[in-house]
Number of protein chains: 2
Amino acid sequence: MSVRLVIARCSVDYAGRLTAHLPEATRLIMVKADGCVAIHADGGAYKPLNWMNAPNTLTDHGDHWTVVSPKGEKLTIHLHEVITEVGHELGEDPGLTKDGVEAHLQELLAAAPEAIEQGLTLVRREYPTAIGPVDLLCRDTAGHVVAIEIKRRGEIDGVEQLTRYIERLKLDSSLGEIRGMLVAQSIKPQARVLAEDRGFRWVEVDYDELRGLAPDDLRLF
Amino acid sequence: MSVRLVIARCSVDYAGRLTAHLPEATRLIMVKADGCVAIHADGGAYKPLNWMNAPNTLTDHGDHWTVVSPKGEKLTIHLHEVITEVGHELGEDPGLTKDGVEAHLQELLAAAPEAIEQGLTLVRREYPTAIGPVDLLCRDTAGHVVAIEIKRRGEIDGVEQLTRYIERLKLDSSLGEIRGMLVAQSIKPQARVLAEDRGFRWVEVDYDELRGLAPDDLRLF
DNA sequence: GACTCTATCTCGGTA
DNA sequence: TACCGAGGTAGAGTC
């Protein structure tokens, strides 16, 4: 139970969600403790050429390995020549802490909707609709409902998403008058234009400034 | 110029599109020939905890490495104890051949549009518009144009794409009446709702069945 | 270089 | 479990 690294001349066949074949070449085979397998070439970023996610059953047949998943996927690795093999126990990983993702931005804005527009009050975060949840549902000083789509980066698909929600929310006559708003740390010119075309306000917010406004418990990431 | 594998107790900091931190633990550090770096734990599929895509400048400061990209991203790896280190030249990879991706589904459906709807005939594959090509343009038994968006998995994005194409095609009055259709191996409930809202038919097709219908030259993948 | 779209996407959250 | 949305999406193709 550990990470196992094999450098070998090998050819590989995958049959599962699609079928794929790798001709013979020297590659790195990585097998992790959970049974996942990845075949790496010397390039192409972190993505392997072929892989199988855990859980798997790996069987060593000498000249070839078979990796079979319960979902019926199968990877066959033909080993023509093993060049190096190392392994080591890594143990449990304490895990990654992240800061600056969309969820944090949403938390901060839910706690301080005033930062988006003067007088705005929160009705609900993740307001559910049949086509997905609206990030923030608010009410403005005139008492109108405001649907808010939050993005780290405001692009066209954010405006499309907001359009879908508004379209859907308008089917519910009990909500009364509704308007849409796109809020992001930065908004691309194309997205600004499209938002305006659709009658939505857009607002850029400063993440660090928001953290300053937020109550202490949201500042301790 | 080769893949380099280091197993070490390390802690890692990333500052770039977001900020992230990994506390001290034993991990695998992989450096490929192109300069990309990946930090792996012993689990979690093929995705590393942290990474830097090529191109990068990697500097070894003894007790820590810094990896800097031209875009201003920075990864710092503090090495507390190096346990194992191996490397090997892998050489150029001949590359992966695939079968069963969206392009194949499109070929099969172009050859057998009847599988989508009775009486449908192909006008053109990859019908060009100013905002990108429509997967299939067909004509139905009533003589109306049908724009078809093909996906392996039908999700909301596919409906949005189809919406844009239809909007665009309607500007060309020479085409006459136009309707849209979403065709996929499976279609998610939200995508079905949105497609119906927009007045599009959606159809699920079976890939293996289609291969059976297709002429021999399309079956020899 | 910017834009568009696919992906064996992966990953986390939730009903 | 399936579904849904975010992602440091990555990567390929096109313009």
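Protein chains get the first letters and strands the later ones, always in sequence-line order, with residue 1 at the start of each.
Side-chain N/O atoms of Gln161(A) and Glu160(B) include no donor and acceptor closer than 3.5 Å. Side-chain contact check for Thr76(A) and His64(A): no donor-acceptor pair (N or O, by modelled atom type) lies under 3.5 Å. Of the N and O atoms on the side chains of Arg153(A) and Gln185(A), not one donor lies less than 3.5 Å from an acceptor on the other residue. Side-chain contact check for Asp63(A) and His78(A): no donor-acceptor pair (N or O, by modelled atom type) lies under 3.5 Å.
Minimum atom distance to the side chain of Glu102(B) is reached by dT6(C), of the listed dC5(C), dT8(C), dT6(C).
Contacts of Met52(B) with the nucleic acid, taken as non-hydrogen atoms under 4.0 Å apart, include base atoms. Note on Glu149(B): only backbone sugar-phosphate atoms sit closer than 4.0 angstrom, heavy atoms only; bases stay farther off. Contacts of Asn50(B) with the nucleic acid, taken as non-hydrogen atoms under 4.0 Å apart, include base atoms. No contact: Gly132(B) has no heavy atom under 4.0 Å from any strand. Residue contacts shown for Gln161(B) are limited to sugar-phosphate atoms, with no base heavy atom under 4.0 Å away. Note on Tyr46(B): only backbone sugar-phosphate atoms sit closer than 4.0 angstrom, heavy atoms only; bases stay farther off.
Separating the C1' atom of dG8(D) from that of dT14(C) is a span of 24 Å, rounded to the nearest Å. Taking the P atom of each, dT8(C) and dT4(C) are spaced 22 Å apart, rounded to whole Å.
A donor-acceptor pair under 3.5 Å is formed between the side chain of Thr97(A) and the backbone N or O of His21(B). Panel note: side chain Arg152(B), backbone Ala184(B); no donor-acceptor pair is recorded below 3.5 Å.
If you measure from atom OH of Tyr127(A) to atom P of dA15(C), you get 15 Å, rounded to the nearest angstrom. As a whole-Å value, the separation of Asp157(B) CG from dT4(C) P is 13 Å. In this structure, Trp51(A) atom CH2 and dC9(C) atom P are separated by 8 Å, rounded to whole Å. One interatomic measurement links the two molecules: CD of Gln106(A) to P of dT14(C), which rounds to 11 Å at whole-angstrom precision. Going from atom CG of Asp99(B) over to atom C1' of dA7(C) covers 15 Å, rounded to whole Å. One interatomic measurement links the two molecules: CZ of Arg168(B) to C1' of dT4(C), which rounds to 15 Å at whole-angstrom precision. Rounding to whole angstrom units, NE2 of residue His40(B) and C1' of dC11(C) are separated by 15 Å. Atom CD1 of Ile150(B) is separated from atom C1' of dT6(C) by 14 Å (rounded to the nearest Å).
Residue Ile156(A) is the one, among Ile156(A) and Ala103(B), whose nearest nucleotide of DNA chain C lies closer to the 5' end (criterion: closest heavy atom). Nearer to the 5' terminus of DNA chain D, by closest-nucleotide assignment, is the contact made by Tyr165(A) (compared with the other of Ala20(B) and Tyr165(A)). Map Ala45(A) and Pro133(A) each onto its nearest nucleotide of DNA chain D; the residue landing nearer the 5' end is Pro133(A).
Glu167(A) and Arg198(B) are joined by a salt bridge, as a carboxylate oxygen and a charged side-chain nitrogen come within less than 4.0 angstrom of each other.
Across every strand in view, dA6(D) sits in a pair with dT10(C) that passes the Watson-Crick or G-U test at under 3.5 angstrom.
Bracketed by its first and final contacts, the part of DNA chain D lying under 4.0 Å from non-hydrogen atoms of chain A reaches from dG5(D) to dG11(D) in 5' to 3' order.
Between Arg152(B) and dT8(C) there is no side-chain N or O to OP1 or OP2 distance below 4.0 Å. Not one side-chain nitrogen or oxygen of Arg125(A) sits closer than 4.0 Å to the OP1 or OP2 atom of dG13(C). Side-chain nitrogen and oxygen atoms of Lys47(A) include none within less than 4.0 Å of the OP1 or OP2 phosphate oxygen of dC9(C).
In this structure, Tyr46(B) and Tyr46(A) have tilted ring planes: the angle between them lies in the 30° to 60° band.
If you take CG on Asp42(A) and CG on Leu90(B), they are separated by 4.5 Å, rounding to the nearest 0.5 Å.
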